[in-house]
2 protein chains.
Amino acid sequence: MHAAIETLDAGGVDALTFRSLASQLSTGSGAIYHHVANKEDLLTAAADAVMTSVLDGAAAAAGADASQGVRAVVLGVFDAISAHPWVGTQLAAAPWQPAVLRLFDRVGAELDALGVPERAQFDAASVLVHHVLGVASQYDAGAHLASAQPGGRFDRSAFLDGATSALTGEVDAADLPFLTRVVRQLQNHDDREQFRAGVEIILVGISHL
Amino acid sequence: MHAAIETLDAGGVDALTFRSLASQLSTGSGAIYHHVANKEDLLTAAADAVMTSVLDGAAAAAGADASQGVRAVVLGVFDAISAHPWVGTQLAAAPWQPAVLRLFDRVGAELDALGVPERAQFDAASVLVHHVLGVASQYDAGAHLASAQPGGRFDRSAFLDGATSALTGEVDAADLPFLTRVVRQLQNHDDREQFRAGVEIILVGISHL
DNA sequence: ACCTGAACACCGTTCAAGT
DNA sequence: ACCTGAACACCGTTCAAGT
């Protein structure tokens, strides 16, 4: 499992094959099936291991301030995904996998400590978790944009630079009037700041429940 | 493209191979590469086609009421994902693909019509889009749970039924105190209602910007 | 009991050869 | 110019054979 996470960190999901993992562990590829049921299981377990360690770390960072607890948890997960982009992909790939459940549970506990009414806790936790997952799913944009791009993708740097063609491939900037207009205020855009702003919007909404 | 969407609707992503698509079109597998660059491109284009048609449909449904515009768009996308689960997977799989950009742009336009201050529109649209994507990424749970499950997944029906083991595989219900406690109020839980509740929470937060 | 690694049944993708 | 479909380079997964 440790070895799998190393490979994933180094080369992403494509780099992790049963053959590569077997040779790294100096064993046969079939031997891995004695420890996991299949590849999906392997990725699920790897993501769960990362999430468990992140949530433990977030506990320490939050300290005694209940109002900062949710923020610490959720930003901790964001930072983990920045460091291990494959985790973001994996969280969004398999529904209700252990890593997501742990996150959900922890967010719910923090909301409880924050004094959110009991009947509203599930909905509230749900929005925060979905926000994290939504951001996570889009997060490896950087990694993808850094390499050569197939058609149909958004080139954010080109967009932000105000290049004539904001989009590569089949989508025309003229079809996206809002993004074209709003992009000017985003010259020094920071993914983490935007994630945080989203969390604050949601927390305001939750505080009115 | 039409043929690809049919195959995806019928059998999901696994059913769509270059060979199956080629035989359905009575051509050679290599011929498809004259129309798309690769498989990712094919899925991106298929999801974009669905999203474009959904957003056009949502325009009609919204009518003249500006305050219902965002809701109509976002619920329309949710319903489309219910009908075509592979779209949810695809939206969360490739970052900033055309389908996501169209959704983002449209949500932004609706927020503008709703009177959200200009400097707040990007953050606001971003939260709503991420919420949709987060929900989308978890949505094909039903499809997966219907079939035989490998370890490590959340069995929601078992959870909701209060079965002794809420989780299959390596995660223990005792590690999830919040979910274990809150699950009782979810006996007649409705995914669409919960999605809607999340949207309302976010809209309240946005209205305070 | 557990590991080995060749073999199987697939993929996506390419490309010489056809039309 | 466009299509064909066999061939290539991989996968995940299985399983008889070893230890």
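Residue numbering restarts at 1 for every chain, and letters A, B, ... go by the order of the sequence lines. Values below: every heavy atom of this structure, side chains too, minus hydrogens, waters and symmetry copies.
Whole-Å rounding puts the B:His34 NE2 to D:dA1 C1' distance at 9 Å. The distance from atom NE2 of A:His35 to atom C1' of C:dA1 is 12 Å, rounded to the nearest whole Å.
The side chain to side chain donor-acceptor pair (under 3.5 Å) check on A:Ser23 picks up nothing, with sequence neighbours excluded. In this view, A:Gln24 and A:Ala3, A:Glu6, A:Thr7, A:Leu21 satisfy the side-chain contact (heavy atoms from CB on, under 4.5 Å) rule, not counting sequence neighbours. Residues meeting the ring-ring contact (aromatic ring centres under 6.0 Å, His included) test with B:Phe18, sequence neighbours left out: B:Tyr33.
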Open item on the list: What does the 5'-to-3' dot-bracket notation of DNA chain D look like when only Watson-Crick and G-U wobble pairs under 3.5 Å count, and pairs to other strands show as |?
Closed with: ||.|||||...|||||.||
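Of the charged side-chain nitrogens involved, none lies within less than 4.0 Å of a carboxylate oxygen, so that A:Arg71 and A:Glu110 do not count as a salt-bridged pair.
Of the possible donor and acceptor atoms, none in the side chain of B:His131 sits under 3.5 Å from a partner among the backbone N and O of B:Val127.
Within the structure, the salt bridge (charged side-chain N to carboxylate O under 4.0 Å, His left out) test picks out the following pairs touching residues 78-97 of chain B (sequence neighbours left out): B:Asp79-B:Arg192.
Between B:Leu179 atom CG and A:Arg106 atom CZ the span is 13.0 Å, to the nearest 0.5 Å.
Residues B:Arg119 and B:Leu209 fail the side-chain proximity criterion, which asks for heavy atoms closer than 4.5 Å.
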TODO: Between protein and nucleotides 6-19 of chain C, map the contacts as a letter string: B base, S sugar-phosphate only, - none, heavy atoms under 4.0 Å, written 5' to 3'.
DONE: BB---BBBB-----
